[in-house]
Amino acid sequence: MARSGLINSDRVLAALTKVNRAHYVQDIEGAYVDAPQYIGYGATISAPHMHAHAAENLLPLLHPGARVLDVGSGSGYLCAVFHHLISDGAPGKVVGIDHIPELVDWSVENLRKDGLGEAVDDGRIVMVAGDGRQGYPSLGPYDVIHVGAAAPKLPSVLVDQLASPGRMFIPVGSYSQEILQVDKDEHGNVTKKQLFGVMYVPLTDKDKQF
Ligand code: SAH
């Protein structure tokens, strides 16, 4: 991906290189293919280039010691990438939330297989089951919020949980979706920028997912 210009940042390249995608998929054969893959329960692990885009977009706020919330954390892959990006010299925190408890348990297993058991045990990575549309206020505010499922409209609850400054990367839309970059500046002013069109699993009610 770096050679073909899909990754432009050395920091993102280094973080992605530390995460073995084979630990976060069901079908090992497709682990290193740049495509999404079904992971059960109506969910998919995103394609590596989407994870790279998200990490590069959020990079200015992913400083050592940062707090990150990953809504719709699924396989846990992106939580691992974020962990590596914020752990250089200071203990940051990555909170992953997904509403499918089985996926949350599986993501913890995946993180352990990928060598991140200690970070899970000491709370640098926290994986929780719950409705991510409510965010996870008790561990916020967050320098970065990544949303891995498409919301019909921008949830104000999540904007409230952004730190000042902070940035959110979120797919928005029901039929046609696009990525919104939501920035909160140091005074709390919020600005939005449309980035590009995407197709994500919806951010929805648990019983509507299958
Ligand atoms: N980014 C993850 C998963 C993407 S699929 C990865 O790459 O592995 C989207 C995920 O969002 C699914 O795991 C799904 O269960 C979750 N999801 C959908 N609606 C949700 C909600 N309301 N609250 C929490 N998680 C939700």
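When a ligand or atom number is given, it counts from 1 through the structure's own listing order. Keep in mind that the numbers below use all heavy atoms, side chains included, and drop hydrogens, waters and symmetry copies.
Heavy-atom proximity to I45, at under 4.0 Å, picks out these atoms of ligand 1: 6 (C), 7 (O), 8 (O). Remark: ligand 1 atoms within the under-4.0 Å shell around heavy atoms of S73 are 2 (C), 8 (O). For ligand 1, the atoms closer than 4.0 angstrom to any heavy atom of D131 are 21 (C), 22 (N), 23 (N). Close contacts between ligand 1 and P202 involve ligand atoms 18 (C), 19 (N) [criterion: under 4.0 Å to a heavy atom]. Each of the following atoms of ligand 1 lies closer than 4.0 Å to a heavy atom of G130: 23 (N), 24 (C). Here is the list of ligand 1 atoms found below 4.0 Å of a heavy atom in I100: 15 (O). If you number the atoms of ligand 1 from 1 as listed, the ones under 4.0 Å from a heavy atom of A43 come out as 12 (C), 13 (O).
One distance of note links OG of S87 with CD1 of I125; it measures 7.0 Å at 0.5 Å rounding. Note that the OH atom of Y41 and the CD atom of Q209 stand 11.0 Å from one another [nearest 0.5 Å]. Atom OH of Y38 and atom CD of Q26 lie 9.5 Å apart (nearest 0.5 Å).
Note on ligand 1: M50 sits outside its first shell, no heavy atom being nearer than 4.0 Å. The closest approach between V71 and ligand 1 stays at or above 4.0 Å for every heavy atom of the residue. Residue contact annotation: S107 has no non-hydrogen atom under 4.0 Å from ligand 1. For the pair L78 and ligand 1, no heavy-atom separation below 4.0 Å is found. Between P36 and ligand 1 there is no heavy-atom distance shorter than 4.0 Å.
In this pair, F196 and H53 present their aromatic rings tilted. The plane angle is within the 30 to 60° band.
Within a 6.0 Å radius of CG in D88, other residues, nucleotides and ligands contribute 12 heavy atoms or fewer. For E186, the CD atom counts as densely surrounded, since its 6.0 Å shell holds more than 12 non-hydrogen atoms of other residues, nucleotides or ligands. Atom OH of Y136 sits in a sparse spot, with 12 or fewer heavy atoms from other residues, nucleotides or ligands closer than 6.0 Å. Applying the 6.0 Å contact sphere to NZ of K192 captures no more than 12 heavy atoms from other residues, nucleotides or ligands. With a 6.0 Å radius and a threshold of 12 heavy atoms from other residues, nucleotides or ligands, D121 has its CG atom above the threshold.
When only non-hydrogen protein atoms are considered, atom 23 (N) of ligand 1 lies nearest to G132 N, 2.8 Å. At the top of the distance list for atom 8 (O) of ligand 1, counting protein heavy atoms only, stands S75 OG, 2.7 Å. Protein heavy atom at the shortest distance from atom 11 (O) of ligand 1 is G72 CA, 3.3 Å. Looking from atom 4 (C) of ligand 1 to the surrounding protein, the closest heavy atom is T44 O, 3.1 Å. Nearest protein heavy-atom neighbour of atom 17 (N) of ligand 1: H99 NE2, 3.4 Å. When hydrogens are left out, the protein atom nearest atom 19 (N) of ligand 1 is T204 N, 3.1 Å; that is the closest non-hydrogen contact. The single protein non-hydrogen atom nearest to atom 14 (C) of ligand 1 is Q209 NE2, 3.3 Å, given as residue, atom name and distance.
Taking distance alone, with nitrogen or oxygen atoms compared against 3.5 Å, G148 stays at or beyond that limit from ligand 1. At a 3.5 angstrom cut-off on N or O pairs, D70 does not count as close to ligand 1. Between H146 and ligand 1, no pair of N/O atoms sits closer than 3.5 Å. For ligand 1, none of its N or O atoms has an N or O atom of Y77 under 3.5 Å away.
Looking at T44, its side chain never comes within 3.5 Å of a backbone N or O of S46 through a donor-acceptor pair. Within the 3.5 Å criterion, the main-chain N or O of Q134 finds a donor-acceptor partner in the side chain of Q161.
Ion pairing between a basic and an acidic side chain is recognised when a charged N comes within 4.0 Å of a carboxylate O; R167 and D185 show no such pairing.
Cluster annotation: V157 is not connected to V159 through the hydrophobic network of ILVMFWY side chains, with a link wherever side-chain heavy atoms come within less than 4.5 Å. L162 and L203 fall within a single hydrophobic cluster, where Ile, Leu, Val, Met, Phe, Trp and Tyr side chains are chained together by heavy-atom contacts under 4.5 Å.
Taking only non-hydrogen atoms, the option from V147, V201, D205, D98 nearest to atom 12 (C) of ligand 1 is D98.
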